K.L.:
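Shown below is the structure under consideration.
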Amino acid sequence: MLAWSDCANQTGGGQTNQSPKSNSIAMTKLRSDFLRVLQERGYIHQCTDLDGLDAKACSGVVTAYVGYDATGDSLHIGHLVSIMMLRWMQKTGHKPIALMGGGTTKVGDPSGKDETRKLLSGEEIDANIASIKQTFENFLNFGGGPADAIMVNNADWLDELAYIPFLREVGRHFTINRMLTFDSVKLRLEREQPLTFLEFNYMILQAYDFHELSKRHDCDLQMGGSDQWGNIVSGADLARRISGAELFGLTTPLITTSSGAKMGKTTQGAVWLNPDRLSAYDYWQFWRNTDDGDVARFMRLFTDLPLDEIARLEKLKDQEINEAKKVLADAATVLCRGEDAAKEAAETARRTFEEGAAAAGLPVVEITLKEIESGIAAFEAFRRAGLASSSSEARRLIKGGGARINDEKITSETEDIPLDALDADGVMKLSAGKKRHALIRAV
């Protein structure tokens, strides 16, 4: 594990309070390796006390956490910025905590949601946490050392709370007036969407998590996306009121593409981190298809590549930028899926695009030979292969001339996929545009 000396011989430093401007963050001269790396790579949006946190990071080990609710069995690329922040703090000698929301998932975070989440059983939540843990093990080193990561479940304390004592000790520090100003609440009310009393408690429980982690693990810092700013500040304030602890909050900017789209949103749905939800090839391809204007920024955020190497690649223009995209795809896939998976994905892409081969490693969908012989419409085949999210999208793809079977363009969305398109191994290749491919195997 790389552990840099945590204090550099630098002086100066501005101050940011609860609503700093982005340019004040960029101009602040930081002394700790931890915050300086985050600053240089573009992770910092807001900080409750940047100078104070910088001084603390110089004087010893900072323990920080990010919370993740277990609403599904995999995290997705939307979580990747905060995971990388935990990774960088460990690489600079500090201790990361991955907090799993075994308790808060039973309530549901209303942030960014127009409607109440589906309530999961305890068994479903536990299964999701077990599945998610494998992703963190790719990015962090877990163990018992000073800078080793730990995974904690907030069900350990939230499930044991006594309601009336909790209201007396914690609830009295929250005013309805302030809670109504939170974006997660305002959004629901403005859209006249129901907000249950259960969900209204979420911000109190998240604040209490920070207080508990401070007591149990000497946690100094909570990090998260910019949409969590109000919750993070409330947690730091609660701990100060109850125990006098000096805690810090740090948020990342909302990551969008150069076109203004939300990062990780694709026509095929979420870009999952777990290999059983998305193949290594599709994960690699997501990064390979990055817009030209985003390549260097995504290298800084989503890889460990040195900044001088990124600066060199950033200068590539025209067709050469494709080489930089491959470097991005390789580096991002190595972190999430491992070196072998990244090499296999890159080789599959090379064979597919440079040799035109229906290479092993592409996503495979099995369809019975009997069904193909009976006739399966092309639009249905593309939908089932995952190259379109719906039948109507598949029809539009074919009508627009973007669909091919074995590199031959399809002219009618209602025609059946041809039986003679199967090769000797019973496989045919479906393509949506030039970059997305899948195999159908007759069984």
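One-based numbering along the sequence shown. Only a predicted model underlies this, so the values are computations on that prediction, with no experimental measurement involved.
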K.L.:
Students often mix this up, so state it plainly: with edges at 30° and 60°, are the rings of Phe136 and Tyr68 parallel, tilted or perpendicular?
P.N.:
perpendicular
K.L.:
Could you walk me through whether Glu323 and Glu320 pass side-chain contact (heavy atoms from CB on, under 4.5 Å), step by step?
P.N.:
CA-CA 6 Å; Glu323 295 307 310; Glu320 288 184 334; 5.5 Å; no
K.L.:
Decide yes or no on side-chain hydrogen bond (donor to acceptor under 3.5 Å, both in side chains) for His437 and Ser431, but give the supporting numbers first.
P.N.:
CA-CA 4 Å; His437 308 269; Ser431 304; 2.7 Å; yes
K.L.:
Has Arg240 got a side-chain atom pairing as donor or acceptor with Ala245's backbone, closer than 3.5 angstrom?
P.N.:
no
K.L.:
When you measure from the side chain of Asn154 to the backbone N and O of Gly103, does any donor-acceptor pair fall under 3.5 Å?
P.N.:
yes
K.L.:
Suppose we call two aromatic rings close when their centres sit under 6.0 Å apart. Are Tyr283 and Trp272 close by that rule?
P.N.:
no
K.L.:
Can you establish whether the number of heavy atoms outside Asp276 located under 6.0 Å from its atom CG is more than 12?
P.N.:
yes
K.L.:
Under a plain distance cut-off of 3.5 Å, with no hydrogens placed, do Asn322 and Gln319 share a side-chain donor-acceptor pair?
P.N.:
yes
K.L.:
Do you know which two heavy atoms are closest between Lys95 and Gly145, and how far apart they sit?
P.N.:
NZ-O, 3.2 Å
K.L.:
Nearest 0.5 Å, what's the CG-CG distance between Leu328 and Leu305?
P.N.:
8.0 Å
K.L.:
Distance-only, no hydrogens or angles: does the Ser131 side chain make a donor-acceptor pair with backbone N or O of Asp73 under 3.5 Å?
P.N.:
yes
K.L.:
Please state whether the rings of Tyr208 and His211 are parallel, tilted or perpendicular, taking 30° and 60° as the class boundaries.
P.N.:
tilted
K.L.:
Would you sort out whether Glu314 and Arg300 count as a side-chain contact (heavy atoms from CB on, under 4.5 Å), showing the intermediate values?
P.N.:
CA-CA 11 Å; Glu314 193 172 14; Arg300 286 189 286 269; 3.8 Å; yes
K.L.:
Are any non-hydrogen side-chain atoms of Arg404 and Lys429 less than 4.5 angstrom apart?
P.N.:
no
K.L.:
Under the criterion side-chain hydrogen bond (donor to acceptor under 3.5 Å, both in side chains), which of Asp291, Thr290, Asp292 is the partner of Lys325?
P.N.:
Asp292
K.L.:
Check whether any side-chain heavy atom of Val152 lies under 4.5 Å from a side-chain heavy atom of Trp157, and answer yes or no.
P.N.:
yes
K.L.:
Taking the side chain as everything from C-beta on, heavy atoms only, tell me whether Leu158 gets closer than 4.5 Å to Lys106.
P.N.:
no
K.L.:
Checking side-chain hydrogen bond (donor to acceptor under 3.5 Å, both in side chains) for the pair Gln222/Gln228: CA distance, chi angles, key distance, verdict?
P.N.:
CA-CA 10 Å; Gln222 181 182 175; Gln228 295 297 317; over 6 Å; no
K.L.:
Can a donor-acceptor pair be found, under 3.5 Å and without considering hydrogens, that links the side chain of Asn128 to the backbone of Ile125?
P.N.:
no
K.L.:
From Met428 CE over to Asn406 CG, what is the distance, rounded to the nearest 0.5 angstrom?
P.N.:
7.0 Å
K.L.:
Just do the side-chain hydrogen bond (donor to acceptor under 3.5 Å, both in side chains) check on Asp69 and Thr104 with the steps written out, would you?
P.N.:
CA-CA 7 Å; Asp69 278 343; Thr104 45; 2.7 Å; yes
K.L.:
Do Leu247 and Leu221 come within less than 4.5 Å of each other through their side chains, counting heavy atoms only?
P.N.:
no
K.L.:
Determine whether a donor-acceptor pair (N or O, by modelled atom type, separation under 3.5 Å) exists between the side chain of Asp330 and the backbone of Ala346.
P.N.:
no
K.L.:
Please indicate whether Glu339 has more than 12 foreign heavy atoms, meaning atoms of other residues, nucleotides or ligands, lying under 6.0 Å from its CD.
P.N.:
no
K.L.:
Give me the atom names and distance for the closest heavy-atom approach of Val61 to Pro146.
P.N.:
CG1-O, 4.0 Å
K.L.:
Does the Arg337 side chain pair with the main chain of Leu273, one donor and one acceptor, at a distance under 3.5 Å?
P.N.:
yes
K.L.:
Closest heavy-atom contact between Gly60 and His94?
P.N.:
O-CE1, 3.3 Å
K.L.:
What closest approach, in Å, do Phe139 and Arg87 show between heavy atoms, and which atom pair accounts for it?
P.N.:
O-NH1, 2.8 Å
K.L.:
Should Asp304 and Met84 be marked as a side-chain contact (heavy atoms from CB on, under 4.5 Å) after you check the CA-CA gap, both sets of side-chain angles, and the distance that decides it?
P.N.:
CA-CA 9 Å; Asp304 290 343; Met84 289 299 297; 3.8 Å; yes
K.L.:
Please confirm whether the backbone N or O of Leu387 pairs with a side-chain atom of Arg436, one donor and one acceptor, at under 3.5 Å?
P.N.:
yes
K.L.:
If you draw a 6.0 Å radius around CD in Glu246, do more than 12 non-hydrogen atoms from other residues or ligands fall strictly inside?
P.N.:
no
K.L.:
Identify the two heavy atoms, one from Cys47 and one from Leu53, that lie closest to each other, and give their separation to 0.1 Å.
P.N.:
SG-CD2, 4.0 Å
K.L.:
Atom CZ in Phe379, atom OG in Ser390: separation rounded to 0.5 Å?
P.N.:
10.5 Å
K.L.:
Going by heavy atoms in the side chains, are Met85 and Leu250 under 4.5 Å from each other?
P.N.:
yes
K.L.:
Could you check if a side-chain atom of Arg41 sits within less than 4.5 angstrom of a side-chain atom of Thr303, using non-hydrogen atoms only?
P.N.:
yes
K.L.:
Would you call Glu347-Lys343 a salt bridge at under 4.0 Å N-O?
P.N.:
no
K.L.:
Does any N or O in the side chain of Ser74 come within less than 3.5 Å of the main-chain N or O of Asn274, such that one atom is a donor and the other an acceptor?
P.N.:
yes
K.L.:
Is the shortest side-chain heavy-atom distance between Leu238 and Phe210 below 4.5 Å?
P.N.:
no
K.L.:
State whether the side chain of Glu212 and the backbone N or O of Asp209 hold a donor-acceptor pair below 3.5 Å, judged by distance alone.
P.N.:
no
K.L.:
Can you tell me how far the CG atom of Leu35 sits from the NZ atom of Lys56, to the nearest 0.5 Å?
P.N.:
12.5 Å
K.L.:
In sequence, state the C-alpha distance, the side-chain angles, and the governing distance for Phe298 and Trp287, and then conclude on side-chain contact (heavy atoms from CB on, under 4.5 Å).
P.N.:
CA-CA 9 Å; Phe298 286 0; Trp287 297 106; 4.1 Å; yes
K.L.:
Please round to the nearest 0.5 Å and tell me the distance separating atom CZ of Arg383 and atom CG of Leu430.
P.N.:
13.0 Å
K.L.:
Counting distance only, does the side-chain N/O of Asn138 pair as donor-acceptor with the main-chain N or O of Cys336 below 3.5 Å?
P.N.:
yes
K.L.:
Please tell me if the side chains of Val271 and Phe286 come closer than 4.5 Å, counting only heavy atoms from C-beta onward.
P.N.:
yes
K.L.:
Can you name the closest pair of heavy atoms from Gln90 and Asn141 and give their distance?
P.N.:
NE2-O, 2.8 Å
K.L.:
Please round to the nearest 0.5 Å and tell me the distance separating atom CG of Asp126 and atom OG of Ser121.
P.N.:
8.5 Å
